[in-house]
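Computed over heavy atoms, backbone and side chain alike; hydrogens, waters and symmetry mates excluded.
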Amino acid sequence: MGALPTIHDVARVAGVSRQTVSNVLNSPDIVRPDTRDRVTTAIAELGYRPHESARRLRTRKSSTIGIRIDPMTDGISGSVLDRFLHALTEQAAAQGLRVMLFTATDPDDEIRQFARLRDGADVDAFVLTSTFHGDPRTEWLIENEQSFVTFGRPWGIDDMNDPAHLWVDVDGWWGLHEATTALLAQGRRRVGYIGWPSPSGTGDDRRRGWHDAMLAGSGLTDAQLAPLAIATPDGVTPGGAALRALLAGSPGVDPVDAVVCASDSLALGALIASAGAIPVIGYDNTPVAQALGLSSVEQPLDEVASGVLELLTGAHRGRPDAGPATDPRHRLVRPRLVLRSPAPLPTP
């Protein structure tokens, strides 16, 4: 096997100096077009690949994206961020980028990790997940002029349309609206909702989808819808308890005849508690939902990862900006409803 081509080989074939080759690689705008073309042709002919470690030291650019990884506290719905991370890493590698994982105990510790990675020039940009009301991380990144994109909207703060805050999110309103509308089309009229306590940007968005679909298609009023919604912590056990409460009804309130949930964890609990007696639709289309035949709303995580990388690399620039609804710096991706017939479950 022959020796790998070097920068000196490229310079010799192109008939230029070593410094000119370096300029083409690191600052191509300062090189005359005809010279730049000769160098790039020589690079292609020789199959030359720059030494990335040395290049990073010179340019102070790492071609690396930093993202915090959280411990999986929920083996069902918690798999969503793992799937997103896999999609992001795979697509980043195809673009010559790397993903660096780091841990943090809370948002304040995550900010400290931002500062550490910035000071060491270890990463060029950050991807944030699990955005929430009053999230301090985005404010710190903007104030410190750090490149970042969030998977999730900036809930509860004033930069929903801030050009400095790039974000990609899945339209939870659309997902639960479609799920509820599908149940109404099946003849169900008392579709319940099991979700998380407010304020929860993601949870409140999904609840609005259920509420708006019910208000438009069930014939029930706001007052009649209120008893059909239960807020509870995420998990299989809370989901089951909430469904039993909705099935029991209350004086003057009939039981539900179907239910949509803010997560597959809640939906699994509801499915078990109902023993398959009523339709249940979850959210996230996790492997558990697929295995059990549970209907669910699927987040297009490959599309989210693609949008995140496009915003990070600046590929969105130059696209028309027609206002917040179509601003290329802010992406709202529609999920997909997957309807299934669940396998029979034993009575709990």
Side-chain angles (χ1 to χ4, degrees), residues 65-68 70 77-78 80-81 83-85 87-88 104 106-107 110-111 114 125-143 146-179 193 195-213 231 234 260-263 283-285 297-316 319 321-337:
I65 302 163
I67 182 170
R68 171 186 175 182
D70 294 321
S77 297
V80 174
L81 289 180
R83 288 156 52 204
F84 166 68
L85 181 59
L88 182 70
D106 54 36
E110 187 169 357
I111 290 172
F114 292 160
F126 296 95
V127 173
L128 276 63
T129 62
S130 305
T131 54
F132 58 91
H133 277 263
D135 194 334
R137 301 172 299 169
T138 56
E139 182 178 354
W140 188 93
L141 289 167
I142 291 173
E143 288 181 352
Q146 298 298 296
S147 297
F148 73 96
V149 175
T150 61
F151 174 13
R153 278 163 277 180
W155 304 107
I157 52 180
D158 295 332
D159 58 352
M160 187 70 79
N161 299 309
D162 188 337
H165 185 158
L166 310 180
W167 56 261
V168 180
D169 201 7
V170 177
D171 193 343
W173 180 94
W174 173 269
L176 264 293
H177 191 278
E178 288 292 288
Y193 172 77
W196 308 311
S198 185
S200 163
T202 301
D204 293 347
D205 194 43
R206 295 176 188 179
R207 187 187 188 282
R208 281 191 295 270
W210 162 81
H211 173 271
D212 292 351
D234 200 43
V260 295
C261 302
S263 73
Y283 199 105
D284 285 333
N285 195 29
V297 177
E298 180 175 81
Q299 301 200 53
L301 298 175
D302 283 338
E303 188 175 347
V304 172
S306 176
V308 165
L309 288 173
E310 183 175 326
L311 293 176
L312 280 178
T313 59
H316 66 290
R319 295 172 57 175
D321 181 353
T326 56
D327 189 338
R329 296 165 299 196
H330 309 127
R331 309 287 180 81
L332 199 55
V333 180
R334 284 184 173 177
R336 180 174 70 98
L337 176 61

Item to complete: Report the C-alpha separation of Trp140 and Asp135 in whole Å, then their side-chain angles, then the decisive distance to 0.1 Å, and conclude whether the side chain to side chain contact (heavy atoms under 4.5 Å, CB included) test is met.
Response: CA-CA 10 Å; Trp140 188 93; Asp135 194 334; over 6 Å; no
| message | Check Arg208 with Asp205, please: is the shortest side-chain N to carboxylate O separation under 4.0 Å? | response | yes
Item to complete: Would you check if Tyr283 and Cys261 make a side-chain contact, meaning some heavy-atom pair closer than 4.5 Å?
Response: no
Exercise for the section: Flag the pair Phe151 / Thr131 as yes when at least one side-chain heavy-atom distance between them is below 4.5 Å, and no otherwise. Expected result: no
_Is the shortest side-chain heavy-atom distance between Pro107 and Phe132 below 4.5 Å?_
yes
- Item | Parallel, tilted or perpendicular: rings of Trp210 and Tyr193 (30°, 60°) | parallel
In terms of heavy-atom contacts, Leu311 and Val168 come closest through CD1-CG2, 3.7 Å
Heavy-atom nearest pair, Leu301 first then Ala87, reads O-CB, 4.1 Å
Handout entry: Short side-chain donor-acceptor distance under 3.5 Å, Gln299 and Asn285
Key = no
Looking at Asp169 and Arg153, is there a salt bridge between them, counting it only when a charged N and a carboxylate O are closer than 4.0 Å? yes
- Which of parallel (below 30°), tilted (30 to 60°) and perpendicular (above 60°) describes His330 and Trp167? parallel
inquiry  = For Ala262, is there any backbone N or O sitting under 3.5 Å from a side-chain donor or acceptor partner on Arg206?
reply    = yes
**Prompt:** Does the side chain of Thr138 come within less than 4.5 Å of Pro154's, by heavy atoms?
**Reply:** no
Side chain to side chain contact (heavy atoms under 4.5 Å, CB included) between Ile111 and Leu141, intermediate numbers included: CA-CA 8 Å; Ile111 290 172; Leu141 289 167; over 6 Å; no
Those residues at least two apart in sequence (or on a different chain) that pass ring pair (Phe, Tyr, Trp, His ring centres under 6.0 Å) with Trp196 are none
- Query: Are the charged groups of Glu310 and Arg331 less than 4.0 angstrom apart, N to O?
  - Reply: yes
Are the side chains of Phe148 and Arg137 in touch, meaning some heavy atoms are under 4.5 Å apart?
no
When every non-hydrogen atom of Ser200 is compared with those of Pro197, the smallest separation belongs to CB-O, 3.5 Å
Arg83 meets the side chain to side chain donor-acceptor pair (under 3.5 Å) criterion, sequence neighbours left out, with none
Review point. Is the closest side-chain heavy-atom distance between Thr150 and Val127 below 4.5 Å?
Key: no
Backbone of Leu309 reached by a side-chain donor or acceptor of Thr313 within 3.5 Å:
yes
*If we only count heavy atoms from C-beta on, is the Leu312 to Ile65 side-chain gap below 4.5 Å?*
yes
Item to check | Glu298 vs Pro335 side-chain heavy atoms within contact, under 4.5 Å | outcome: no
